[in-house]
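One structure is given here, and the rest of the page talks about it.
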Amino acid sequence: AFPSTLIDGKYRSFNARWYERFNWIEYSQSKDLIFCKACRHFPEQHTEATFTKEGFKNWKRIGQVCEKHQTSKVHASALVKLLSYKQSHTNQGSGIVLNQMHRDSISFIERNREHVKVVLDVVMQCAKMEIPLRGHRETQEALNKGNFLALFEFISKKTKTEMQEQPRPTYFAILADEFKDVSKRELVAVCVRFIHCGTIKEHALGFVKTADLSAQGISRRILEILEPLGLDPSLCVGFCFDGASVMSGHRGGVQAILKETFPKAVYVHCNSHRLNLVLCAAAQASGHEYFFHCHQSDTQLLHWGPEARLVCGASEGDASRTLLQGAGKVM
């Protein structure tokens, strides 16, 4: 039983049946007051203090006052926030941003592991057969590029066949980046993310040599790789490139040129490149960027061939000592 209070010459008390009519009510046993659960947890600027801080106890007018509060805008807004909060904590926390980021991170790691497994499978197959990985020449026009690249290209063709054979329509996104290999050749790497049988997959389509690093040249190479797939341009939903102007420029960049072919695609700045920019800015702000610059220049010297070191007048031991000295200054 609830405690009674003398109101207008009659003892009155809270009744549990009010929960059925107003499911947002909270009753405090210690204070013998009712509050609004939604407004107390998610108050608006003009929310009345009666149902948030002070509490309500006039049991004679409870129906009239609660009806008025239930139809107010501040209560409706707080109720929407409360329902959204409850939904975010259902289905094992699928709506929590932290959990979503954790699941995306795990999915990203698993995809990368699958990619590495393919490379390792090719290397292990060559090792089992006791055949060399590299060929005499690995240029684009060479007939024999070596066992590793030959097997890797075979797997890439299989991936393209998988995309071509899968049911239409399928949405996809294009990922690309330019980089230098060990021999300092400029290459363009192209990957594609697509939906296959309800599962999102990501595959590398090719690494193409290019001497033209302009937006037109890079775009041309990307289209050359995608053309054999016969994909529907209207189903391309996005591009993912770095933030360099040649890639991200909204007028003459790669994403602007490719939008002429894929009009519905949306450009997204690569998260890995954004993280790299954050780390560089953090290193500069902390005053320890000298170590990173020294490490980068000295490791580049270590990667030079003996002829280059001879021209520069530095040996491998000199470069190593310089690297250690630079590290000592930071430490």
Query - Atom CZ of Phe179 with >12 non-hydrogen neighbours under 6.0 angstrom - result: yes
Requested in this report: Would you indicate whether Leu133, at its atom CG, is surrounded by more than 12 heavy atoms from other residues, nucleotides or ligands within a distance under 6.0 Å?
Outcome: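 Counting neighbours around CG of Leu133, more than 12 heavy atoms of other residues, nucleotides or ligands fall under 6.0 Å, so yes.
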[X] versus [Y], closest heavy-atom pair with distance:
X	Y	result
Ser13	Pro3	CB-O, 3.2 Å
Ala38	Ala78	O-CB, 3.6 Å
Ala244	Asp242	N-OD1, 3.2 Å
Phe172	Asp232	CE2-O, 3.4 Å
Lys57	Thr5	CE-OG1, 3.4 Å

Please report, to 0.1 Å, the donor-acceptor pairs under 3.5 Å made by any side chain of residues 252-262, with sequence neighbours excluded.
from: Gln255; atom 1: NE2; to: Ser248; atom 2: O; distance (Å): 3.2
from: Gln255; atom 1: NE2; to: Gly249; atom 2: O; distance (Å): 3.4

Would you say that [X] contacts [Y] through its side chain, given a criterion of any heavy-atom pair below 4.5 Å between the two side chains?
X	Y	result
Asn23	Lys37	no
Asn15	Phe2	no
Glu178	Met247	yes
Phe51	Arg40	no
Cys236	Ile174	yes
Glu44	Lys81	yes
Asp177	His273	yes
Glu26	His41	yes

Joint hydrophobic cluster, [X] plus [Y], side-chain heavy atoms closer than 4.5 Å:
X	Y	answer
Leu33	Ile7	no
Leu175	Val192	no
Val123	Phe207	yes
Ile222	Val237	yes
Tyr19	Val65	yes

Query - Pair Arg220-Asp212, side-chain contact (heavy atoms from CB on, under 4.5 Å): steps then yes or no - result: CA-CA 10 Å; Arg220 192 182 309 113; Asp212 185 2; 4.0 Å; yes
Calculate, to the nearest 0.5 Å, the distance between atoms [atom1] and [atom2] belonging to [X] and [Y] respectively.
X	Y	atom1	atom2	result
Ile225	Leu205	CD1	CG	7.0 Å
Gln125	Ile131	CD	CD1	7.5 Å
Leu151	Met129	CG	CE	8.0 Å
Glu54	Glu48	CD	CD	9.5 Å
Trp59	Ile34	CH2	CD1	5.0 Å
Gln70	Ile25	CD	CD1	8.5 Å

Between [X] and [Y], does at least one N-O distance fall below 4.0 Å, as a salt bridge requires?
X	Y	answer
Arg221	Glu224	yes
Lys180	Glu186	yes
Arg113	Glu110	no

Query raised in the report: Knowing that exactly one of Trp24, Phe22, Phe35, Phe56 qualifies, which makes a ring-ring contact (aromatic ring centres under 6.0 Å, His included) with His69?
Result: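 It is Trp24; the other options fail the test.
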**Report entry** Pair Arg274-Asn271, side-chain contact (heavy atoms from CB on, under 4.5 Å): steps then yes or no
**Finding:** CA-CA 5 Å; Arg274 294 172 66 181; Asn271 283 336; 3.6 Å; yes
